[in-house]
There are 2 protein chains.
Amino acid sequence: MADLARIAGVSTSTVSRALTGHPRVNPETRLRIEALARSLDYSINSTAAALRSGINQTIAVVVPYEPGARQSLTDAFFLGLIGSLADVLTERGYQMLLVRTDAGELPGAGLLVRTGKAAGLVVIGQWHQHAQLNALAAQGIPLRGWGARLEGQRYCTVGSDNLQGGRLATAHLLRSGRRRVAFIGDVSLPEVEQRYQGYLAAHRTLHVPADPALKLTEPFLPAGGLDAAQRLLALPSRCDAVFACSDVLAMALISALSAQRVRVPEEIAVVGYDDVQLAAYFSPPLDTVRQSVQAGAAALVDALLARLAGTTPPSRLLPTELIARGSVRAEPSRSAH
Amino acid sequence: MADLARIAGVSTSTVSRALTGHPRVNPETRLRIEALARSLDYSINSTAAALRSGINQTIAVVVPYEPGARQSLTDAFFLGLIGSLADVLTERGYQMLLVRTDAGELPGAGLLVRTGKAAGLVVIGQWHQHAQLNALAAQGIPLRGWGARLEGQRYCTVGSDNLQGGRLATAHLLRSGRRRVAFIGDVSLPEVEQRYQGYLAAHRTLHVPADPALKLTEPFLPAGGLDAAQRLLALPSRCDAVFACSDVLAMALISALSAQRVRVPEEIAVVGYDDVQLAAYFSPPLDTVRQSVQAGAAALVDALLARLAGTTPPSRLLPTELIARGSVRAEPSRSAH
DNA sequence: CCGCATGATGCAATCGATTGCAAATCGCGC
DNA sequence: GCGCGATTTGCAATCGATTGCATCATGCGG
């Protein structure tokens, strides 16, 4: 910048003001400087600018992995959410830092803000780190998380209405005449627990008893779906429907069932969760509870930006929507049997 | 840092040296300063450090969107690649900036490096921006791209061996006895064109004539698969196999075919490309050409870091692998019919 | 007891911008 | 021709570290 100033015959102050769009510069000086900058292809060093002005337009999206297990980031729903976050942040004029960290080291993510790398944090993922997030929030780190709203929460979250989602899915199955609905998911995760509560609520509302033996704990991985199929088929009294807590789980389950020549939806109806892109093209096309990644990403970003601007909006629950396609009741136009 | 120095009774030089692990500090002074820093929970401002030292440990991953069309980032393969890139970069001690930009503005991505936001670029995505990438590379921007190797390329790419992939997929279909194999993909994309060349090569090798009428141009979107199904079924002389250039395309196609009561693989065999996570759980389980996102991400990062270190390794072609499951020949244990 | 090698620390310049305040310039009316 | 307000521009301090070089303390041999 000093060079540029010398060549242009002005001071660096003027160059700085010209290039940052400061109003107190002579318009023609600005034009001259801009042209010169372009011809030298010079552009402002953003590190120095950030240091001096204290303004930071980058947000860190933190995706913890389970402590120890360095499993890679593959979850279809979260990947989609990351894609949408990138889009939304770009649109809002922010940069996105994508950060993987051990869930046990989550408090260390606070450094991203304290060291000035990011203005705030969006935490994404399946985790049990309620307390750690609270600690971060207590340190004053601007923070928004995707997930359930919990008791004693000092940070603010955005998530879909899991209770409603669980209720919708389960009611859909019960209303189609199913009576023994299995639940697959890891209820140690708050979001899943809430879906399970929805599952129970639907049973209560429709006066159908829920059999605790049909609650299967499985991780959010394809292997969980395969395992669930084994366990369901080994049950003394078989189920006639399954509510799986993610589409990936549901698809892996259906795949394992059809390998065992169990027909879906005729013998066992299945509802998933997330509405990932491929759910519509599965066969049978998957009935699922949609949580919109676009809406979720936008809500997360807006909430964080609001926090950075000083306001403190409450946690938000995004509505969920049941998408009926063909894994509960075969649609006449699609059924291949 | 000045405060910390005052409290510790030393100069900021010493604090800096203690905290960055400089050897010329008394070990016990260092311990004292580290303890103090921890108790005040102070940590080095990385913006200032980066400014002064000129060291930048962040890499920008750039994902262009088609000019004008602000379509959101949903491609399963690229999302998976992004996830793996995040993992690999973290492991190598780098931060990852995820950047969306209009493909027409790609040269602007050079600013990320010139302004000091990132040390180098990884460009990901389906694009026609050969010339623009060349321009970036000519400006001296450290750059690696995912994709095909092209004539006159001044930047270096990492990609899977599309020619081999196309050949593997097509030969697999022809060897299963199919004689009319359709090709679905957008050959204006270099990677797809190479897969098409592989498709032709396989026909030549196996002495089967390739019918140009079976080459359908479709974009990499589920809608492309649906459209392809319509067009294939409307053909005067039907095909008995399809090589689809992505798994998403293949799944959407199969979904549309079964809605029309065309059975896969009995009537039409299908091979996809990518081996996305859900391909194995589709029904029928999808035969596909695997490109490993982990290997791809690692190769991209290593190539870029090598470039940053001054060496210039050549472009790399990663091997592809055919995964046979059940969409060409039904596997006995899995067939549900 | 002195000189010197060695290791630890401090001084001050520096990275590349931004910005409050002062100074310079300009135009215009009296 | 002078004074004054409004614009433009420049000076210099500042953001928070890093680092070459000088200085200081220490221990040890002579």
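Naming convention: chains lettered A, B, ... in sequence-line order (proteins, then strands); numbering from 1 in each chain.
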Checklist entry - Should Val62(A) and Arg100(A) count as side-chain neighbours, where that means a heavy-atom distance under 4.5 Å? => result no

Checklist outcome for this item: Taken to the nearest whole Å, CG/Leu19(B) to P/dT9(C) is 14 Å

Item to check | Contact nearer the 5' end of DNA chain D, comparing Arg52(B) with Ser53(A) | outcome: Ser53(A)

Checklist entry - With a 4.0 Å cut-off on heavy atoms, is Leu51(A) in touch with a base, just the backbone sugar-phosphate, or nothing at all? => result base

Item to check | Distance-only side-chain donor-acceptor flag, Ser160(A) / Gln291(A), under 3.5 Å | outcome: yes

Checklist entry - So, Arg114(A) versus Gln139(A): side-chain donor-acceptor pair below 3.5 Å or not? => result yes

Next on the checklist: At 4.0 Å (heavy atoms only), tell me whether Val10(A) reaches a base, stays on the sugar-phosphate, or touches nothing.
Outcome noted: sugar-phosphate

Item to check | Side-chain donor or acceptor of Thr58(B) paired with backbone N/O of Lys117(B) under 3.5 Å | outcome: yes

Checklist entry - Is any side-chain N or O of Thr14(B) closer than 4.0 Å to OP1 or OP2 of dG10(C)? => result yes

Next on the checklist: Could you check whether atom CZ of Arg92(B) has more than 12 heavy atoms from other residues, nucleotides or ligands sitting under 6.0 Å from it?
Outcome noted: yes

Item to check | Minimum side-chain heavy-atom gap Ile124(A)-Leu85(A) below 4.5 Å | outcome: yes

Checklist entry - So what does Thr20(A) hit on the nucleic acid, given a heavy-atom distance under 4.0 Å: a base, only sugar-phosphate, or nothing? => result sugar-phosphate

Scan nucleotides 5-8 of chain C against the protein and return all N/O pairs shorter than 3.5 Å with their distances rounded to 0.1 Å.
none

Checklist entry - For DNA chain D, which nucleotides open and close the run of contacts to chain A, 5' to 3', at under 4.0 angstrom from a non-hydrogen atom? => result dT8(D) to dG16(D)

Next on the checklist: I need the minimum non-hydrogen distance between Gly152(A) and Asn134(A), along with the two atoms involved.
Outcome noted: O-ND2, 3.0 Å

Checklist entry - What are the two closest non-hydrogen atoms of Ala86(B) and Leu98(A), and how far apart are they? => result CB-CD2, 3.8 Å

Checklist outcome for this item: Taking for Met1(B) and for Thr12(A) the nucleotide of DNA chain D with the nearest heavy atom, the one nearer the 5' end belongs to Thr12(A)

